[in-house]
Amino acid sequence: MTFYHKIEPAEAYLGLDPVLYQRIAPTPLKDPTLISFSADAGTLLGIDAEASQKRDFVDFVNGSFLPEGIEPYAMCYAGHQFGFYVPRLGDGRAVNLGLLNGWHLQLKGAGVTRYSRSGDGRAVLRSSIREYLMSEAMHGLGIATTRALALIGSQEPVRRERMERGAIVLRMSPSWIRFGSFEYCYYNRKRAPDNLRALAEYTIADSFPHLAGDPDRYFKMFAEVVADTARLIAQWQAVGFNHGVMNTDNMSIASLTIDYGPYAFLDDYDLDYICNHTDVEGRYSFGNQPYVAEWNLSKLMEALAPLVDTDRTTRVLFGFRKIYQREMMGLMRAKLGLVEKLDEDKALIEDLYVLMQAQPVDYTFFFRRLSHYGGDREEMLSLVQMRKPLEAWLDRYEMRLEKERIPRHERHRMMQKTNPKYVLKNYILQEAIDAAEQGDYRLVNDLLDIAHDPFAEHPAFEAYAGPTPLRHKNLRLSCSS
Ligand code: AMP
Ligand code: MG
């Protein structure tokens, strides 16, 4: 039996009110070819590289081969986009196939649906490469995310600012429910009063099964989303990831990083960095992400108000900052190789960030080099323009390290497992995109290997581990995808 026959229809979701989805088959692309297969994601589904080489696999990802029993559908949701409520969004270019080993499979770029609005239902190769690689890269970094199994390209022309080619990513997630899914039910509750509760029950069964039957389950679900979102955002901040479009429809109820658009990893550390060039006000700037997450949670809280007492959820939401700060503290201690927990650490950490904010310092490279730091000052000082503040900080850091009990080599080993050597910065992705648009997919696949193991040495790609070259620094990306 092949894996195709093990895919089950998403019966529980399709049992909800049909206003919450549209049954629709994918619209295949012309002349599809497999660009990349993630064997690592494949193991989760029982699909190996050999299976991915068969013709039916490309057809499967293209949506032209629909194994028997599959009931494809697009999901409806709403959301606050840049602060404003949009009453109906939904999968405008994604078609869900069903469940395999607990993963909801979805084809992104598979044609128009009822939720496409003016869109063409397609995704271009450029944005698909970005989504595909970053889904796997975040996982490699140990950050909760949706995954990507495969990427196909095609000859189908798709119009954006210029003519491009259509592509499809097979995405997989334990859940595709968004904060905006609840908002849709909440704002339509006059017409369909039962949908909010039904969606909450569905979500609890699907993503919070340990809460099933608990009389206080809606409250507890919200409390978990608050805590897990705080943890997720702390991880983004610690690694220097800017999502770029933190609308409530791009916030996962399972607290996963979801919907990769104009995201970026920081080049130089900068709280004010904005990766999305349509975000003129910087609502979704790097430094705003924790605040935006909190605001988005408040929108989820409002949507859950008919189910849970708002006094209680408000109190939980007030706890967001504490959880975030605690989480951040733990992650930063790990980045600095501090095992002991001392009160003085907070100031040590904050002062390092003040120092980095004040001048251009490549964020990833700085911490990676610190992960090898054995007292050779010049190695660190050569990374900054203003040496004095860093010198003073290193004095304090060295004094602090004396209070650690683990040997230096052990600390370095730990730090090198926390501070990635490689993050897929935008200029690196762009090189892979440029080659892929010329039909050369090698770099996409090489970057996939790096994405899966970003803490290791990849000698052939040493150049990508250095500070971002000046001409490529702090680019801004368009939302168009
Ligand atoms: P995003 O910014 O990618 O999260 O998308 C926001 C909304 O626009 C979602 O409802 C998408 O499904 C929809 N959308 C984005 N691009 C397209 C497209 N090319 N065709 C149809 N719908 C789209
Ligand atoms: Mg989205």
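Just follow the structure's listing: the first ligand is 1, and inside any ligand the first atom is 1.
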Nearest non-hydrogen protein atom to atom 6 (C) of ligand 1, with distance, is Q81 NE2, 4.0 Å

So the atoms of ligand 1 within less than 4.0 Å of a heavy atom of D259 turn out to be 4 (O)

query = With a 4.0 Å cut-off on heavy atoms, does R160 reach ligand 1?
reply = yes

For R122, the atoms of ligand 1 under 4.0 Å from one of its heavy atoms are 19 (N)

| task | Indicate, with yes or no, if the rings of F320 and Y291 have centres closer together than 6.0 Å. | result | no

Worksheet item: Can you find a side-chain donor-acceptor pair between H104 and D206 that sits under 3.5 Å?
Response: yes

Nearest non-hydrogen protein atom to atom 11 (C) of ligand 1, with distance, is G90 O, 3.9 Å

Check whether any N or O atom of R93, backbone or side chain, sits under 3.5 Å from an N or O atom of ligand 1, and answer yes or no.
yes

Atom 20 (N) of ligand 1 sits nearest the protein heavy atom G121 N, 2.8 Å

- request: Look only at interatomic distance and state if K108 has a nitrogen or oxygen under 3.5 Å from any nitrogen or oxygen of ligand 1.
  value: no

Contact region, Y115 to ligand 1, non-hydrogen atoms below 4.0 Å, reads neither

- Report yes or no: do Y4 and D56 form a side-chain donor-acceptor pair below 3.5 Å? yes

Is G261 near ligand 1, meaning one of its heavy atoms is under 4.0 Å from it?
no

Do Y284 and N247 get their side chains close enough for a donor-acceptor pair, meaning under 3.5 Å? yes

Are D120 and ligand 1 in contact, using a heavy-atom cut-off of under 4.0 Å? yes

| In terms of side-chain geometry, is the basic nitrogen of R165 or E156 positioned less than 4.0 Å from the acidic oxygen of its partner? | no

Could an N or O of ligand 1 be found under 3.5 Å from any N or O of V245, whether backbone or side chain? no

One finds that the ligand 1 atoms under 4.0 Å from a non-hydrogen atom of G119 are 18 (C), 20 (N), 21 (C)

TODO: Flag N250 as yes when one of its N or O atoms lies below 3.5 Å from any N or O atom of ligand 1, and as no otherwise.
DONE: yes

Rounded to 10°, the OD2/D259 to the Mg ion (ligand 2) to OD1/N250 angle comes out at 80°

Which of R147, E136, H139 passes side chain to side chain donor-acceptor pair (under 3.5 Å) with S38? Answer is E136

Ion pair present between D228 and R231, side-chain N to carboxylate O less than 4.0 angstrom?
yes

Are R130 and Y263 in a cation-pi contact, defined as NZ or CZ under 6.0 Å from the six-membered ring centre and within 45° of the axis? yes

Short version for R117: what comes under 4.0 Å of ligand 1, heavy atoms counted, is side chain

- Would you call the rings of F367 and Y363 parallel, tilted or perpendicular if under 30° counts as parallel and over 60° as perpendicular? perpendicular

Could you tell me whether R160 atom CZ has more than 12 heavy atoms of other residues or ligands within 6.0 Å of it? yes

of all protein heavy atoms, closest to atom 5 (O) of ligand 1 is D249 OD2, 5.0 Å

Among non-hydrogen protein atoms, atom 12 (O) of ligand 1 lies closest to G92 N, 2.7 Å

Taken in chain and number order and not counting sequence neighbours, the residues that satisfy ring pair (Phe, Tyr, Trp, His ring centres under 6.0 Å) with H452 are none

L89 versus ligand 1: do any nitrogen or oxygen atoms come within less than 3.5 Å of each other?
no

Residue pairs meeting side-chain hydrogen bond (donor to acceptor under 3.5 Å, both in side chains), one or both in residues 74-83, sequence neighbours left out, come to H80-E183

